[in-house]
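Here's the structure, in structure tokens; my notes come after.
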Amino acid sequence: MDSYTRTLVISGAQLPTPARLLFTFGELTGEYNGVYPVIWKAVLFPPGNSPPSPPLIYNHQLAFSHPLVTNDIITDSSVFQIMSYGEKTALQKDDKGNYSFSTPVQGQPALLQALNRTGLDENLTLGLLIIYKFSLPIPETAPTPTVFYDHVGDGSSLVIGPFSPKLYAYVTLQYEEGEIIRGKPESSFIWEQDLGNLPIVSNWLLKFDPTKVQYSLVRA
């Protein structure tokens, strides 16, 4: 899989109240059928003008993980396997209850595949792993989840097609970073972008229009 990076730098512009900007890969429709979006990033902006937030870095490197979940928030994804299209892996559990993924082998072309060989139904996530930060080889310890797969049956196989880097932004205080979304948010998305069409680094402003009573995310 070709890995590429996109960096978003966002500032707040004359915001009347604190605003939390949430990002998901996929629109939050409220209809998920066991495949639930996860809040990829959450950024809280104070009222008024604010300096740029820490950069949001997207790296097009996918990984399966076996997550720990508390109150629908993914708290740990440290059991994971980096994947490339055309590969398959298996989640397994040893006699001591320790989970691991098998080394990937050749699978179906253009697909990612994860088999559940634990003897139980298990949850899985598909996440993104940053291999390089600011051109330095500093790997993350775990992927950031983007999609949550609920109760993958023992002996069954999770097969995933090409991942779309289409990012949606919402302004709401409803959710937290890493939260599994099972409903529909109170507000609609304010922004959508295919990250593959953006430059390597792009700068954005979060604005509020009091006449329309709505937020927007615009190029700085």
Side-chain angles (χ1 to χ4, degrees), residues 5-33 35-60 62 65 67-77 123 125-130 140 142-150 163-198 201-210 212-220:
T5 298
R6 295 292 183 267
T7 298
L8 308 179
V9 181
I10 306 170
S11 304
Q14 298 181 341
L15 300 177
T17 59
R20 180 180 290 164
L21 190 59
L22 306 177
F23 292 93
T24 64
F25 288 95
E27 185 179 356
L28 304 181
T29 63
E31 299 179 2
Y32 306 122
N33 298 318
V35 180
Y36 299 96
V38 178
I39 300 297
W40 176 60
K41 298 292 182 183
V43 184
L44 183 63
F45 292 89
N49 297 320
S50 63
S53 66
L56 304 184
I57 302 173
Y58 166 86
N59 191 71
H60 194 72
L62 299 174
S65 65
L68 294 180
V69 180
T70 303
N71 297 325
D72 263 352
I73 296 176
I74 296 174
T75 57
D76 185 87
S77 298
N123 299 325
T125 63
L126 183 67
L128 299 165
L129 192 70
I130 295 179
E140 289 185 321
T144 303
T146 63
V147 186
F148 177 81
Y149 300 90
D150 202 5
F163 180 81
S164 172
K166 191 172 184 179
L167 193 62
Y168 289 77
Y170 294 79
V171 176
T172 176
L173 298 176
Q174 279 182 271
Y175 307 116
E176 301 179 28
E177 189 168 302
E179 186 165 351
I180 301 163
I181 307 304
R182 299 183 187 272
K184 188 174 183 179
E186 298 170 351
S187 58
S188 300
F189 65 87
I190 65 166
W191 176 91
E192 60 176 315
Q193 290 284 334
D194 185 328
L195 297 182
N197 295 331
L198 293 181
V201 179
S202 57
N203 293 274
W204 301 85
L205 288 175
L206 177 63
K207 292 185 172 184
F208 180 78
D209 186 338
K212 297 181 180 179
V213 195
Q214 67 182 26
Y215 290 90
S216 62
L217 191 59
V218 299
R219 292 291 288 267

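Start at 1 with the first residue, then count along the sequence. Hydrogens, waters and symmetry mates are skipped; everything else that's a heavy atom, side chains included, is used. Values in this document were obtained by computation on a predicted structure and should not be read as measured data.
- Between the side chain of Asp72 and the main chain of Glu179, no donor-acceptor pair closer than 3.5 Å is present.
- Side-chain atoms of Ser11 and Leu205, non-hydrogen and from C-beta on, do get closer than 4.5 Å to each other.
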Val43 and Ile10: side chain to side chain contact (heavy atoms under 4.5 Å, CB included), yes or no, with the steps? CA-CA 9 Å; Val43 184; Ile10 306 170; 5.7 Å; no
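- Centroid-to-centroid, the aromatic rings of Phe208 and Phe45 stay 6.0 Å apart or farther.
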For the pair Tyr58 and Thr5, evaluate side chain to side chain contact (heavy atoms under 4.5 Å, CB included) and give the outcome as yes or no after the intermediate values. CA-CA 5 Å; Tyr58 166 86; Thr5 298; over 6 Å; no
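- Counting all heavy atoms, side chain and backbone alike, Arg6 lies closest to Gly196 at NH2-O, 3.5 Å.
- Closest heavy-atom contact between Leu15 and Pro46: CD1-O, 3.9 Å.
- Judged by distance alone, the side chain of Tyr32 and the main-chain N or O of Gly183 form a donor-acceptor pair under 3.5 Å.
- Note on ring orientation: taking the six-membered ring where Trp is involved, the planes of His60 and Phe163 are tilted (angle from 30° to 60°).
- A 4.5 Å side-chain heavy-atom check between Thr24 and Trp40 finds every atom pair outside the cut-off.
- Taken from CD1 in Ile190 to CG in Leu22, the straight-line distance is 10.0 Å, to the nearest 0.5 Å.
- Side-chain atoms of Thr146 come within 3.5 Å of backbone N or O of Leu126 as a donor-acceptor pair.
- In this structure, the separation between CG on Leu173 and CD on Glu176 is 11.0 Å, given to the nearest 0.5 Å.
- Annotation: side chain of Leu8 is in contact with side chain of Leu198 (closest heavy-atom distance under 4.5 Å).
- Residues Phe148 and Pro67 come closest through the heavy atom pair CE1-CG, 4.0 Å.
- Remark: side-chain polar atoms of Gln174 are paired, donor with acceptor, to backbone N or O of Glu186 under 3.5 angstrom.
- Closest approach of Val9 to Val201, counting heavy atoms only: CG2-CG1, 4.4 Å.
- Within 6.0 Å of atom CG in Asp209, more than 12 heavy atoms from other residues, nucleotides or ligands are found, so the atom counts as buried in its surroundings.
- Side-chain atoms of Leu128 and Leu62, non-hydrogen and from C-beta on, do get closer than 4.5 Å to each other.
- Residue pairs that meet the ring-ring contact (aromatic ring centres under 6.0 Å, His included) test with at least one member in residues 174-195, sequence neighbours left out, are Phe23-Trp191, Tyr168-Phe189, Trp191-Trp204.
- Side-chain atoms of Leu68 and Thr70, non-hydrogen and from C-beta on, never get closer than 4.5 Å to each other.
- A cation-pi arrangement is present between Arg182 and Tyr36 under the rule of less than 6.0 angstrom and at most 45 degrees off the ring axis.
- Between Leu217 and Val171 there is no side-chain heavy-atom pair separated by less than 4.5 Å.
- Between the Ser65 side chain and the Pro145 main chain, no donor and acceptor come within less than 3.5 Å of each other.
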Output, in order, the C-alpha distance, side-chain angles, deciding distance and verdict of side chain to side chain contact (heavy atoms under 4.5 Å, CB included) for Leu44 and Arg20. CA-CA 4 Å; Leu44 183 63; Arg20 180 180 290 164; 4.0 Å; yes
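- In this structure, Pro47 and Pro18 have side chains that are in contact, with non-hydrogen atoms separated by less than 4.5 Å.
- For the pair Asn123 and Tyr149, the minimum side-chain heavy-atom distance is 4.5 Å or more.
- Within the 3.5 Å criterion, the main-chain N or O of Ala42 finds a donor-acceptor partner in the side chain of Glu177.
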Arg219/Ser202 under side chain to side chain contact (heavy atoms under 4.5 Å, CB included): CA gap, chis, key distance, verdict: CA-CA 8 Å; Arg219 292 291 288 267; Ser202 57; 4.2 Å; yes
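- The main-chain N or O of Gln14 is found under 3.5 Å from a side-chain atom of Asn49 such that the two form a donor-acceptor pair.
- The structure places OG of Ser216 at 7.5 Å from CG of Leu206, a figure rounded to the nearest 0.5 Å.
- Here the CG atom belonging to Leu195 is positioned 11.5 Å from the CG atom belonging to Asn59, to the nearest 0.5 angstrom.
- Here the side chain of Thr125 pairs no donor or acceptor atom with the backbone of Gly127 at under 3.5 angstrom.
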